[in-house]
Amino acid sequence: MSDTPLGWVMALAIAIQFLSCDSTDLNRDKETLAIEQKVDSLLSLMTLEEKVGQLNHLKANYSTDIYKQNAHLPGIIKEGLVGALSPRSDIAGLIALQKIAVDSSRLRIPLFYAQDIVHGYRTIFPIPLGQACSWDMQAIEKAERVAAVETSAAGISLTFAPVFDITRDARWGRAMEAAGEDPYLTSQIAKARIRGFQGNDLSQPNTVIACAKHYVGYGAVEAGMEYNVVDMSERYLRQIHLPPFKAAVEEGMGSIMNSFNTIGGVPATSDPLILNQILKTEWAFDGFTISDAHSIDELVQHGVAVDFKEAAYRAFTAGSDTDLWGQVYSAHLPELVREGKIREAEVNESVRRVLRYKYKLGLFDDPYRYLNQKRFEEQIFTEDNRKAALDIATKSIVLLKNKEQLLPISKTKYKRIALIGNLGDSRARKDLMGNWSPFGRHEDIITVNQGLEKLLGPDQSLTHVMGCEHWGECTNTTMKEAEQLAKNSDLLILPLGEQGWDSGECSSRTDITLPGNQEELITRLGRTGKPIILLVFAGRAQVLTDIVDKVDAIMYCWQPGTMAGEAIANLVYGRNVPSAKLTVTLPYRVGQAPIYYAKLNTSRPRQGPDDKRWGVNKWSDAPNEPLFPFGYGLSYTTFEYSDMKIDKSSITFEDTLNISVTVTNKGNYDASEIIQLYLRDKVATVSRPIKELVGFDRVFIKTGESKKVMFQLTIDDLKYWDQNMAFEVEDGEFEVFVGKNSSDLLKDSFKLVDYRPSY
Ligand code: BGC
């Protein structure tokens, strides 16, 4: 019909009719149906080139004067050859480009605008790895809500976030972007983040489409080396790396980004198993996939395509819907369709996915809904947004050591405080805000120096020296200056660790101790005998083994964001009590990597740290244990766990097992405790981890108070990918553990009966 002028007009009339229907009176199903009809109607009007245009995502930098830069852009938008843009532009520039799309292109299809908003737009939240250590799903959801409000107010409708890569190797620089080593915790966080970005109604003007990434397995790159290869079984993929993405799909996530890596030699971008089969068929994902930047044209570099045309063919037929920045779909998909290598119906299917979300977002109703200068001025970096950032920053900082309760510091005992370290007053944008903070501003940062100074007691003084130059290089001169200051001080606070560029994309490291010669600085300052509080800034787990005994207290701050200094000062002075717990294992030596608590037992397990026998699963030159285990984190108070109970010694497939434990605050501070529940399937058809997180609760307990904390497990919590690749479980014994971290746990056991015999 769309090939004749009459047919064209009729189809347009149908499209207009659908476009004008008032969806507020319709229930959700009707809305969905209406959207599908609108999409069909629009598709019937589109030329093949226009369809492929919707799969073309371009990068560009613009100002209002768009014709001066990127002179070709208005022309191709006008021809309908662009579906989405990642622009750096003010609102006026974005309006100008959208106007071309909706006023001058034949079918008036609005553009998506997309950016990486990984931990905040202008109000920068702690890096996601830090946020995860809060184990606070409400605070995480709130962080993404604030990010969504700011992002949408800046004209962006699609964000390349959140990141759900499971990372068990701290050498990988992108550990900072995700939630750590555990699939269960990452899945809970996935749901919270998708809710935060997308809300429960995408058509609200303050929501953005989330894009979970990187799909999939990227966190398992060999040797933690960036862009390296991955090889793993389908079982591990399904058991460890896929669950957070599945959880995000179930939460309604609109898009997903391919990862750069291969899995078993097949690049994720051209892998039909993970795209067509698992994502689109098994999980019935209704959104669209986005390649990673150039990951389609890079199939040539991977050596699985002879040229860009074959790359386009491989990616598209595997299930990759849109091409980020590579323009190989634009260049080759129409030709591939005309040659009969790809069916136009398949192209329609991918375009349908993109258009569906343009409708869901309400862009057809109002293409300018995100482009409002007043909103931009009113809703970004507000006091409430900063409060949310402060809240989660405080909850993300992990107290690892606190000898003789040095923290919180006494205002009367420690009068002269020395702040020694190049991160003490750093305003380099990424140092305290972290690597994915492109719209953060260095002038917004509350530095450690500022934060501490604000809370000084009347008789206290604070003096800052660098101790080291940038990149952790401490010269004899800077160290001597620091020693001199230390000698004349009562307390030393050392803000050290990684700078912003030391982690993030393309920042893998083989040595994950504190960069440069910061350890030497610590050793020299330790000799002064003054009490030392070490503040570690990092985008990954660092190895602290050689300095842990040289300091009195350690706070692992990650990169806390805009409100860094205030959050740290509040903890140092006891205005807030630390509650965070590690979501990655902190290795004893880098050679232990990958290291994680949920290991398999192996055929020759070591019987505890004192087992020195030959022939057991151990290192010869280091302990098996990490320096600090997953789930570890101290408080200023002490929590005692007692009275663990399970209500049944055996369950059937229809039962619920209730587990309870009493947690008592024995110390002097009201505080929150993160209570963790782990499980072990003792015998299964495949070897199962010695423990796996299956639940947690963050509970506020007043001093002297006891709280009974309840957990429930059903058969679904016991299932795993068995030897036949079924998600199942057999009868047998399970151990259940409750406690304060993955190695300090109370234990009980129960049996699953009358379900499936084990053989
Ligand atoms: C990164 C992605 C990011 C994309 C666009 C790529 O290099 O791997 O995470 O979304 O660039 O900025």
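Numbers for residues simply follow the sequence, beginning at 1.
- Atom CD of Gln131 is separated from atom CE of Met137 by 10.0 Å, given to the nearest 0.5 angstrom.
- The distance between the ring centers of Trp135 and Phe630 falls below 6.0 angstrom.
- A heavy-atom distance below 4.5 Å is not found between the side chains of Leu586 and Gln542.
- Here the CZ-CZ distance, from Arg171 to Arg540, works out to 10.5 Å after rounding to the nearest 0.5 Å.
- Residue Thr123 is tested with Glu150, Arg386, Lys387 for a side chain to side chain donor-acceptor pair (under 3.5 Å); the sole match is Glu150.
- Looking at Leu713 and Val694, their side chains come closer than 4.5 Å, going by heavy atoms from C-beta outward.
- Taking the six-membered ring where tryptophan is involved, the planes of Tyr121 and Phe439 are essentially parallel, since the angle between them stays under 30° and well short of 60°.
- Side-chain contact check for Leu363 versus Phe112: some heavy-atom pair is nearer than 4.5 Å.
- Tyr113 places a side-chain heavy atom less than 4.5 Å from the side chain of Leu371.
- Between the side chain of Gln204 and the backbone N or O of Asp201, no donor-acceptor pair lies under 3.5 Å.
- Taking each heavy atom of Val216 and Ile263 in turn, the nearest pair found is O-CD1, 3.3 Å.
- Within 6.0 Å of CD on Gln138 lie no more than 12 heavy atoms contributed by other residues, nucleotides or ligands.
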Working for side chain to side chain contact (heavy atoms under 4.5 Å, CB included), residues Tyr641 and Asp744: CA-CA 10 Å; Tyr641 285 61; Asp744 190 350; over 6 Å; no
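- Between the side chain of Thr159 and the backbone N or O of Ile117 there is at least one donor-acceptor pair closer than 3.5 Å.
- For Lys246, the NZ atom counts as loosely surrounded, since its 6.0 Å shell holds 12 or fewer non-hydrogen atoms of other residues, nucleotides or ligands.
- The ring of Tyr215 has its center no closer than 6.0 angstrom to the ring center of Phe285.
- Rounded to the nearest 0.5 angstrom, Glu144 CD and Thr207 OG1 are separated by 13.5 Å.
- Remark: the Tyr596 side chain and the Asp182 side chain contain no N/O donor-acceptor pair separated by less than 3.5 Å.
- Contact check on Arg122 versus Asp444 returns a salt bridge, with a Lys/Arg side-chain nitrogen under 4.0 Å from an Asp/Glu carboxylate oxygen.
- Counting only distance, with no hydrogens or angles, the side chain of Gln712 and the backbone of Thr656 share no donor-acceptor pair below 3.5 Å.
- Contact record, Gly173 with Ser508: N-OG, 3.6 Å, taken as the closest heavy-atom pair.
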task: Evaluate the criterion side chain to side chain contact (heavy atoms under 4.5 Å, CB included) for residue pair Phe737 and Glu692; output intermediate values, then yes/no.
output: CA-CA 9 Å; Phe737 310 84; Glu692 281 181 303; over 6 Å; no
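- Of all heavy-atom pairs spanning Trp558 and Ala541, the tightest one is CZ3-N, 4.3 Å.
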- prompt: Step by step, would you call Thr583 with Ile189 a side chain to side chain contact (heavy atoms under 4.5 Å, CB included)?
  reply: CA-CA 12 Å; Thr583 62; Ile189 291 176; 5.9 Å; no
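- Although no hydrogens or angles enter the test, the distance criterion places no donor-acceptor pair under 3.5 Å between the side chain of Thr186 and the main chain of Pro183.
- Under a cut-off of 6.0 angstrom, the local environment of NZ in Lys691 is crowded, with over 12 non-hydrogen atoms contributed by other residues, nucleotides or ligands.
- Within the 3.5 Å criterion, the main-chain N or O of Gly196 finds a donor-acceptor partner in the side chain of Arg145.
- At distances below 3.5 Å, at least one donor-acceptor pair connects side-chain atoms of Arg353 with backbone N or O atoms of Gly287.
- Two residues are said to be in side-chain contact when any heavy atoms from C-beta on lie closer than 4.5 Å; Trp283 and Leu242 meet this criterion.
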Audit row: Glu177, Tyr218, side chain to side chain contact (heavy atoms under 4.5 Å, CB included) steps and yes/no: CA-CA 12 Å; Glu177 296 177 33; Tyr218 194 19; over 6 Å; no
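- When atom types are taken as modelled, the side chain of Thr703 and the backbone of Gly667 share a donor-acceptor pair closer than 3.5 angstrom.
- Between Tyr597 and Tyr678, the ring centre distance stays below 6.0 Å.
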- prompt: Given Arg698 and Ser134, is the side-chain hydrogen bond (donor to acceptor under 3.5 Å, both in side chains) satisfied, shown in steps?
  reply: CA-CA 9 Å; Arg698 196 176 201 285; Ser134 72; 5.4 Å; no
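- Counted by atom type alone, Asp165 and Thr167 present zero donor-acceptor pairs between their side chains at under 3.5 Å.
- Listed for the Ser291 side chain is a donor-acceptor partner under 3.5 Å among the backbone atoms of Leu324.
- For the residue pair Thr585/Glu181, the side-chain donor-acceptor check at 3.5 Å is satisfied.
- Between the side chain of Lys740 and the backbone N or O of Phe639, at least one donor-acceptor pair lies under 3.5 Å.
- Between Lys280 and Asp321, the closest side-chain pair of non-hydrogen atoms falls below 4.5 Å.
- Atom NZ in Lys430 sits 4.0 Å away from atom CG in Asn435 (nearest 0.5 Å).
- In this structure, the side chains of Ser187 and Pro244 come closer than 4.5 Å at one or more pairs of heavy atoms.
- When all heavy atoms of Gly440 and Arg429 are compared, the pair lying nearest together is O-CD, 3.1 Å.
- Side chain of Ser203 to main chain of Leu361: no donor-acceptor pair is present (N/O by atom type, distance under 3.5 Å, no hydrogens or angles).
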message: Walk me through whether Lys707 and Glu673 qualify under salt bridge (Lys or Arg N to Asp or Glu O under 4.0 Å).
response: CA-CA 11 Å; Lys707 275 199 177 157; Glu673 168 71 337; over 6 Å; no
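- For Phe288 and His57, the distance between ring centers is not under 6.0 angstrom.
- A distance of 5.0 Å separates CG in Leu185 from CZ in Phe696, rounded to the nearest 0.5 Å.
- Heavy atoms of other residues, nucleotides or ligands lying less than 6.0 angstrom from CZ of Arg575 number 12 at most.
- Within 6.0 Å of atom NZ in Lys702, 12 or fewer heavy atoms from other residues, nucleotides or ligands are found, so the atom counts as exposed in its surroundings.
- Looking at every heavy atom in both residues, Pro128 comes nearest to Val118 through CG-O, 3.6 Å.
- Checking Asn570 against Thr394 by side-chain atom types alone, no donor-acceptor pair falls below 3.5 Å.
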Residues Lys191, Glu251; criterion salt bridge (Lys or Arg N to Asp or Glu O under 4.0 Å); working and verdict: CA-CA 6 Å; Lys191 293 187 223 165; Glu251 204 61 48; 5.7 Å; no
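- Residues Ala179 and Ala132 share a closest heavy-atom pair of O-CB, 3.5 Å.
- Heavy atoms from other residues, nucleotides or ligands lying under 6.0 Å from OH of Tyr236 number 12 at most.
- Taken to the nearest 0.5 Å, the CD1 atom of Ile568 stands 9.5 Å off from the OG1 atom of Thr447.
- Residues Asn402 and Tyr636 meet the side-chain proximity criterion, which asks for heavy atoms closer than 4.5 Å.
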